[in-house]
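Down below is the structure, laid out as structure tokens.
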Amino acid sequence: MTSVSGVPVTVPASAGPGDTRDRLLEGLNPQQREAVEYRGPALLIVAGAGSGKTSVLTRRIASLLASREAWPSQILAITFTNKAANEMRERVEALVGQKAEGMWISTFHSACVRILRREAEHFGFTRNFTIYDSADSRALIKRIVKDLDADAVGLTVSAVANKISKLKNELSDVESYARQANFNDPNEVMFLECFRQYTRELQRANAFDFDDLLAQTVYLFRAFPGVAAIYQRRFRHILVDEYQDTNHAQYSLIRELTRSPEPEALGPGDTNVRILDDRGSVPPASLTVVGDSDQSIYAFRGADIRNIVEFERDFPNTKVILLEQNYRSTQNILDAANSVISNNFDRKDKKLFTTIGAGEKIVGYTGYSGHDEAQFVADEINALHKSGIAYKDMAVFYRTNSQTRALEEIFIRSALPYRIVGGTKFYERAEIKDVMAYLVCIANPADPLALRRIMNVPKRGIGPATEAALQAHADRDEVSLRESMRSVELLGLGPKVTGAIRELVDLLDELTGIQEKTMVPNLLQTLLERTKYIDALRASRDPQDEARAENVEELLAVAKEFQRNNPGGRLLDFLTEVALVAAADELDDSSGTVSLMTLHTAKGLEYEAVFITGVEEDLLPHRMSAGEPGGPAEERRLFYVGITRARKRLYLSLAMTRSMFGDVSVAMPSRYLQEIPPELIDWRQSPGDATSRGGTQPRALNARREKFSYGGSLPPGPSATRPAIRQHEWANKVTNQVRDNGDLTLEKGDRIRHVDFGDGRVVDVTGAGTKRIAEVQFDTAGRKRLLIKIAPIEKL
DNA sequence: TGAGCGGGTTTTTTT
DNA sequence: AACCCGCTCA
């Protein structure tokens, strides 16, 4: 195999058989080819949106393997989501025509878990540690804040949680924070105590939070050079995607991995002599990073744009390759994107271009309310679908998760198949967290958080008083909560409670004992049967509990699926996988549904048609970003990311009024709309129209009109001289009324009256049972699809 | 112990 | 509007 020296070489290296090399470079432009074939210590690929970076990265790995420059086990590729990782692995394997066993392609977090599971014993953890998600961390912090009465100095749970997270991303720990803390500030002293206790509790629980996964791995490498050396020797080629969104901890991890291992750390058993250079030491791994500073949207969780901006300075002998040709979007979409992002000063100018052609104009729409806007989106999706675009090729983006409500209500009513990516996730549901907590108790008996969660679920008469008694016993004897349950008979509790605790702890211990040799679905099945968890839900009077029972059964199906994909997988692997699923991982490409997601989740994805909703001040840019330095610029990048997801059709929509916290407030068009050349937008209903209705709307909207010019895109003639906008143009003032029509039946030709849309005629009826859908041509509001059972309609 | 009620708070984005 | 919390009463 070719040795990798520290000297940059542009490789004409025998990239395997010629035809393999040709295949790897097929269809690539010169810059892309160079990005695949360049060899050297450090490569920065500045890849604009849609410039084919994933393809380049994939082929670069394939090229390393095909030319035998690297074994699969010497490659570490970091992607942003697990889904991207799986896709990349499949594509590499397809390119090199073999299973690339031993190749690490994963997210930062997954890679760190893998390392920590192997090495946790070095520093006081065991390999079966629990991973606390943000909700778990919050729960723990909440307890601590309460115990310490930190409210008293104005510390809230979220303030503490955010600050701890931020510090960990900066690789600060309790000691380093304490060294520079101001001890005259009671708030800071209290925070320090919270931080200290939180850290101690995690350690005791044998648990890491999300931020620890990164920070503790860095700590591990720094504190144990021998451990670091294992990975420094092993990984010869490190590739990082979405580098603009790395935070300091991630940056440091990469730094550690691309160091030469210290010579004394090389054990005598080190047989990997092939990679030794002339001086007898192991050269650092080569590093490839791909990113686009215009798409940096995670500063709020510590991403530091300087990591990419200063990459060349950080890593000497860096080769930089720019990919500017866009293969995704039409020129109109790119022009809009370019002109929006050009308003961010302090960036290297770069302009995306395409040879695809101008394409359709961007469509703009201003709704009366969020529901109205949603109705527009639904109608357009319906029209696009009829024109031949599959549901799965369309997506609706929004800034905040709360915007899903109106969209969902309308989509359900319009009988559109949709799916929300992310948001309130499956694994965040209480019943799923309960069952997962049982599994955590089985895997990691030291974890008291999980144990407390399930202690009295389902109800078995173990209340707070009993729990406190157990905890007191645990504290006194300095044992775990689990251990104190084992000696429950010594506590002098009532016979009923004692019996319940005995039963629970015996069950947990029994399952802990067999977890290593039991299939996950079987373990889960046994658990559910013995705890009667599902039975308890089914017996409940709350009608929602039936749905919860179904969710738990769904989890069982997930476990079976996991076992199918990982025949050797054990409980610990299952828990790891579940803990690290990201929103974008849930995406099922084959599903015939419209995808709804936040702009953040949309990163890295692309669709034929994209709807960006809520393009309003205080939403995009979000109100909360105004105070942050660099906030508005980051929001602009977010908008840019959204725009550049679209291949052919882009819709921008907003509403004049938006309900928040239960009451309605007036919304203003986003400043970013003015940054798009007016001739690129075809306003179906512009903010100008929306405010010229006269009469009842708040003054602020009328005032706003003067400041907004939508150029030639307005319908001809000043609004005042047009016959007053007739009521029917506002016929779609959609309310959120829903009703149950029982078994109302409609047939083609029936006349109906709709609360929002007025009168209309049924032109088609499809579907069956409760899913019967009427296609209605309204006299004034256009054509709509309605779910007959719930639409606010009556037959005339 | 646990159901039910009233009052306060909430929404930025995520691994 | 929806959720969480703490309090009261059975």
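Quick note on labels: first sequence line is chain A, next is B, and so on, each numbered from 1.
A/Ser158 comes within 4.0 angstrom of no nucleic acid atom, judged by non-hydrogen atoms across all strands. Using a 4.0 Å heavy-atom criterion, one finds that A/Thr598 contacts the sugar-phosphate atoms exclusively. Within 4.0 Å of A/Ala465, counting heavy atoms only, lie sugar-phosphate atoms of the nucleic acid but no base atom. As judged by a 4.0 angstrom heavy-atom cut-off over every strand, A/Lys146 is placed among residues touching the sugar-phosphate backbone only.
Counting distance only, with no hydrogens placed and no angle test, the side-chain atoms of A/Ser134 and the base atoms of B/dT15 include a donor-acceptor pair under 3.5 Å. A donor and an acceptor atom sit less than 3.5 Å apart, one in the side chain of A/His109 and one in the base of B/dT15. A donor-acceptor contact under 3.5 Å links the side chain of A/Ser402 to the base of B/dT11.
Each of B/dA3, B/dT15, B/dT12 was ranked by its minimum atom distance to the side chain of A/Thr400; first place goes to B/dT12. Closest contact between the side chain of A/His600 and the listed nucleotides B/dT13, B/dT11, B/dA3 involves B/dT13. Checking B/dT1, B/dT13, B/dT11 against the side-chain heavy atoms of A/Arg399 singles out B/dT13 as nearest. Relative to the side chain of A/Phe210, the nucleotides B/dT14, B/dT15, B/dT13 differ in distance, and B/dT15 lies closest. Distance from the side chain of A/Arg405 is smallest for C/dA2 among the nucleotides C/dA2, B/dT15, B/dT14.
Dashed line: the shortest gap from a side-chain N or O of A/Asn456 to OP1 or OP2 of B/dT1 is not under 4.0 Å. OP1 and OP2 of B/dT15 both lie 4.0 Å or more from every side-chain N or O belonging to A/Thr81. Contact check, A/Thr466 against B/dT1: a side-chain N or O comes under 4.0 Å of OP1 or OP2. Remark: A/Asn401 is in phosphate contact with B/dT14, judged by side-chain N or O atoms under 4.0 Å from OP1 or OP2. Remark: A/Ser625 is not in phosphate contact with B/dT13, judged by side-chain N or O atoms under 4.0 Å from OP1 or OP2.
In this structure, A/Phe661 atom CZ and B/dG8 atom P are separated by 16 Å, rounded to whole Å. Regarding A/Lys166, its NZ atom lies at a distance of 18 Å from the P atom of B/dT15, rounded to whole Å. B/dT13 atom C1' lies 12 Å from atom CG of A/Leu619, rounded to whole Å. Counting to the nearest Å, the P atom of B/dT1 and the CD atom of A/Glu467 are 11 Å from each other. Summarising the geometry, the separation between CZ on A/Arg623 and P on B/dT10 is reported as 13 Å, rounded to the nearest angstrom. Taking atom CD of residue A/Glu635 and atom P of nucleotide B/dT12, one finds them 11 Å apart after rounding to whole Å. Taking atom CZ of residue A/Arg636 and atom P of nucleotide B/dT12, one finds them 21 Å apart after rounding to whole Å. One can place CG of A/Leu214 at 17 Å from P of B/dT14, the figure rounded to the nearest angstrom.
In this model, no donor atom of one side chain and acceptor atom of the other lie less than 3.5 Å apart for A/Tyr640 and A/Asn344. Checked by atom type, the side-chain pair A/Ser137/A/Ser134 shows no donor-acceptor distance below 3.5 Å. In this structure, a donor-acceptor pair under 3.5 Å is present between the side chains of A/Thr598 and A/Thr601. Donor-acceptor pairing under 3.5 Å is lacking for the side chains of A/Tyr672 and A/Glu616.
The neighbour count for A/Arg255 CZ, taken as heavy atoms of other residues, nucleotides or ligands under 6.0 Å away, is above 12. More than 12 non-hydrogen atoms from other residues, nucleotides or ligands lie less than 6.0 angstrom from CD of A/Glu489.
Of the residues A/Phe639, A/Phe300, A/Tyr398, A/Phe80, the one that meets the ring-ring contact (aromatic ring centres under 6.0 Å, His included) test with A/His600 is A/Phe300.
Aromatic stacking is not marked for A/Tyr298 over B/dT14, as the cut-offs of 5.5 Å for the centres and 30° for the planes do not both hold.
For A/Ile462 and A/Phe80, each mapped to the nucleotide of DNA chain B holding its nearest heavy atom, the one lying further toward the 5' end belongs to A/Ile462. Looking at which nucleotide of DNA chain B each of A/Arg460 and A/Ala579 is closest to, the 5′-most match is held by A/Arg460.
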